[in-house]
Protein chains: 2
Amino acid sequence: MPVTIYDVAREAGVSMATVSRVVNGNPNVKPLTRKKVLSAIERLGYRPNAVARGLASKKTTTVGVIIPDVSSLFFSELARGIEDIATMYKYNIILCNSDQRLEKELQLINTLLEKQVDGLLFMGAEIKEDHLQALKSASVPTVLAATRDADNTLPSVTIDHFQAAYDATRELIDHGHKRIAMITGPMNDPLGGLIRYEGYKRALQDAGLPLDEALVAHGNFFYESGLKATAQFLTLTERPTAVFAANDEMAIGAIHAAQDAGLQVPRDLEVIGHDNIRLVEMVRPRLTSVVQPMYDIGAVAMRLLTKYMNNEQVDEHVVLLPHRIEHRESTRPRETADS
Amino acid sequence: MPVTIYDVAREAGVSMATVSRVVNGNPNVKPLTRKKVLSAIERLGYRPNAVARGLASKKTTTVGVIIPDVSSLFFSELARGIEDIATMYKYNIILCNSDQRLEKELQLINTLLEKQVDGLLFMGAEIKEDHLQALKSASVPTVLAATRDADNTLPSVTIDHFQAAYDATRELIDHGHKRIAMITGPMNDPLGGLIRYEGYKRALQDAGLPLDEALVAHGNFFYESGLKATAQFLTLTERPTAVFAANDEMAIGAIHAAQDAGLQVPRDLEVIGHDNIRLVEMVRPRLTSVVQPMYDIGAVAMRLLTKYMNNEQVDEHVVLLPHRIEHRESTRPRETADS
DNA sequence: CTGTTAGCGCTTTCAC
DNA sequence: GTGAAAGCGCTAACAG
């Protein structure tokens with residue numbers, strides 16, 4: 001039923017090999033022959049079968065992407081960066097949601113390898129020994145995006161999460177705050193959760209400020225948890241005067257909790273978020289946030305993966321992208337800062 | 001290098017056919033034989049090659065998904081619904097961003113067909129003759145998600161956009177408003193743009209209200225455009241007292257524009273959005289919005305596609321999911337409404 | 001520059 | 001229940 005390379009060959013009066021050459025842009029074809037083939041292709045409406053090609057060439061020009069949740073504001077931005085660069089290099093992506101469940105992640109790795117992807121892009125919170133094991137069984141390269149494994153066994157693209165959290169906290173300290181609260185991510189998330197908390201603690205410590213457990217709440221990255229944590233903070237007799245949230249959604253929750261309590265941001269409570277998702281511009285006051293360049297992380301990770309897939313030389317297997325703080329109205333300008 | 005079905009056959013002392021049967025769960029295998037094969041698979045670490053399988057069986061258990069932009073709050077939610085159901089039916093998805101550019105859409109359709117996807121899920125604003133043409137050249141089924149073609153040539157899953165916009169406008173009319181503004185989507189988007197505008201116009205007309213062109217702004221679905229449009233509305237001598245925006249992002253922009261102008265929502269301006277994305281809960285006041293069940297649309301579309309792919313009987317090729325208005329604080333409760 | 005010839009790893013009749 | 005054998009549609013040596 002469908003027209004094959006063989007049909008085209010017959011129609012053009014050449015061999016399959018020649019058709020294959022034309023289709024693949026091999027220069028070793030006489031212009032006239034090429035023209036004949038092209039016209040036969042046109043006439044027959046030939047469409048190369050990528051599956052057959054994949055079997056014969058052992059390349060599928062497809063990469064597997066494991067993502068916790070595409071509908072997340074954070075990850076969908078990453079996914080876009082990944083796909084754009086993939087397209088640029090003629091790859092397609094098979095996208096799979098893992099919900100960060102270990103079992104599902106492992107199963108997805110396996111499925112993707114069965115599908116003979118040329119490479120794997122992995123996003124997720126924690127990289128366990130199981131992941132390393134599963135990935136090692138693959139003959140294809142893997143790159144981690146927005147995360148990394150503890151020993152840097154795998155190539156990865158991230159920012160310096162510790163430093164980013166440190167900087168954010170430091171910023172609040174510099175504004176004269178003594179009681180700075182933090183809404184962390186889940187503590188079983190090494191980078192998004194634990195390390196940012198460590199950065200916060202270190203910054204306090206370096207500034208000689210005490211760590212008050214009452215000012216630390218463990219959130220789950222969702223708006224609601226930021227809202228609740230902050231509402232709770234505000235019931236304390238010694239309330240915090242600033243909050244650092246491990247992501248923007250929770251930070252926005254913090255702003256709203258403050259407003260719901262009749263406080264003004266940043267006058268009564270300064271708030272700083274993390275990631276700088278598009279949402280930060282869609283709140284009043286607009287949210288100051290640590291910029292994690294999601295799109296770029298995805299793009300760089302994919303670019304890195306193409307290098308591995310092409311056996312190109314790679315000097316930096318572990319890439320750290322720069323971060324910075326984008327100042328908006330949820331924090332006071334430095335000049336006018338006071339406690 | 002990689003272990004093939006042939007290796008397993010030899011190791012287990014059976015034929016490839018038998019291994020194939022075991023792998024595919026064919027019941028016609030003696031339990032003992034099955035056990036031998038399974039153990040050989042285990043021992044060798046055999047992983048079936050889905051590409052070879054795809055070539056031989058002409059099924060890839062992969063569907064192509066064309067999406068305008070995964071990083072969009074609206075579409076990423078749809079994508080999640082699609083992927084979840086795909087997973088449920090053992091399909092993987094190749095996800096491609098089209099940015100709604102016709103040329104890219106057509107090219108993606110072609111690429112996906114080359115990759116021998118078993119089906120196609122298409123999201124986009126306008127379905128042109130070109131699309132129909134390209135899709136027709138495929139021997140695989142296509143389902144449209146959150147859109148449909150003018151003649152319902154293709155199966156689709158949507159809500160009744162006209163009625164949804166009508167209902168939203170009607171709601172504001174019922175609150176006693178005489179000057180109701182609308183921020184539309186792009187007019188070249190038949191459903192998200194044009195039809196919602198038609199619904200708005202009809203509602204006004206049915207209520208005997210005049211259509212004031214000064215109260216209609218054409219936005220682009222982004223926050224900024226809602227912000228600007230509303231700021232503009234508020235400079236009018238006869239300001240609107242209510243706004244209906246064609247999506248939530250613009251509606252949130254409307255809220256902020258009002259607040260920036262020192263007005264209170266909903267007291268001075270009622271705002272109603274469209275889609276009910278997750279963001280509506282993350283603004284103050286929280287946004288009243290027309291619920292378009294994105295996740296469900298994706299899920300139902302994918303489910304429908306599985307039916308076509310399995311040649312199952314389908315009675316409803318064009319499915320309309322119900323919509324409703326979710327009332328929040330950006331509109332006044334009906335009881336206390338006044339002009 | 002072009003054609004011949006093996007496969008790629010699996011499914012699928014068709015026999016037995 | 002099981003095996004033999006013929007492809008699926010293409011690429012990739014290898015010859016010429």
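Throughout, a chain's letter reflects where its sequence line sits, starting with A, and its residues are numbered from 1.
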Closer than 4.0 Å, any side-chain N/O of [X] to the OP1 or OP2 of [N]?
X: Thr18(B); N: dG3(D); value: yes
X: Arg53(B); N: dT11(C); value: yes
X: Ser20(A); N: dT11(D); value: yes
X: Ser57(A); N: dT11(D); value: no

List every contact pair, protein side and nucleotides 5-7 of chain D side both N or O, where the distance is under 3.5 Å.
none

Whole Å only: how far is the [atom1] atom of [X] from the [atom2] atom of [N]?
X: Asn49(A); N: dG9(D); atom1: CG; atom2: C1'; value: 6 Å
X: Glu114(B); N: dC8(D); atom1: CD; atom2: P; value: 20 Å
X: Leu55(A); N: dG9(C); atom1: CG; atom2: P; value: 7 Å
X: Asn24(A); N: dT11(D); atom1: CG; atom2: C1'; value: 8 Å
X: Arg10(B); N: dA4(D); atom1: CZ; atom2: P; value: 14 Å
X: Lys58(B); N: dT13(C); atom1: NZ; atom2: C1'; value: 15 Å
X: Asp7(A); N: dC8(D); atom1: CG; atom2: P; value: 11 Å
X: Lys115(A); N: dC10(C); atom1: NZ; atom2: P; value: 15 Å

What are the two closest non-hydrogen atoms of [X] and [Y], and how far apart are they?
X: Leu106(B); Y: Ala134(B); result: CD2-CB, 4.1 Å
X: Glu11(B); Y: Ala40(B); result: CG-CB, 3.6 Å
X: Leu78(A); Y: Ala146(A); result: CD1-CB, 3.8 Å
X: Val143(B); Y: Val157(B); result: CG1-CG2, 4.5 Å
X: Ala145(A); Y: Ala301(A); result: CB-CB, 3.8 Å

* Asked: For Tyr308(B), which residues count as a side-chain hydrogen bond (donor to acceptor under 3.5 Å, both in side chains) partner, sequence neighbours excluded?
  -> His317(B)
* Measure the CD1-NZ distance between Ile109(B) and Lys104(B) for me, rounded to the nearest 0.5 Å. =>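 Those atoms lie 13.5 Å apart.
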* Could you check which residues of residues 26-33 of chain A get a heavy atom under 4.0 Å from DNA chain D? Sort them by number, please. => none
* Sorted by number, the residues of residues 36-47 of chain A with heavy-atom contact under 4.0 Å to DNA chain D ->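 When residues 36-47 of chain A is checked for heavy atoms under 4.0 Å from DNA chain D, the hits, listed by number, are Tyr46(A).
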Under 3.5 Å side-chain donor-acceptor pair for [X] and [Y]:
X: Lys115(B); Y: Thr62(B); result: no
X: Asn310(B); Y: Thr306(B); result: no
X: Arg21(A); Y: Asn28(A); result: no
X: Ser137(A); Y: Arg47(B); result: yes

Protein N or O to nucleotides 14-16 of chain D N or O, pairs below 3.5 Å:
none

Side-chain atoms of residues 29-39 of chain A: list all donor-acceptor pairs with protein atoms under 3.5 Å, sequence neighbours left out, distances to 0.1 Å.
residue, atom, partner, partner atom, Å
Arg34(A), NH2, Asn26(A), O, 3.3
Ser39(A), OG, Lys36(A), O, 3.4
Ser39(A), OG, Arg43(A), NH2, 2.5

* Does a side-chain N-to-carboxylate-O contact under 4.0 Å join Arg80(B) and Asp99(A)? -> yes
* Assign each of Val51(B) and Ser15(A) to its nearest nucleotide of DNA chain C by heavy atoms, then name whichever residue's nucleotide is nearer the 5' end. =>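 By nearest-heavy-atom nucleotide position, the 5'-most residue is Ser15(A).
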* To do: Remember a base hit wins even if backbone is also touched, and classify Val14(A) as base, sugar-phosphate or nothing at under 4.0 Å, heavy atoms.
  => sugar-phosphate
* **Side-chain donor or acceptor of Lys58(B) paired with backbone N/O of Gln116(B) under 3.5 Å** =>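 No, the answer is negative, given that no donor and acceptor are paired below the 3.5 Å cut-off.
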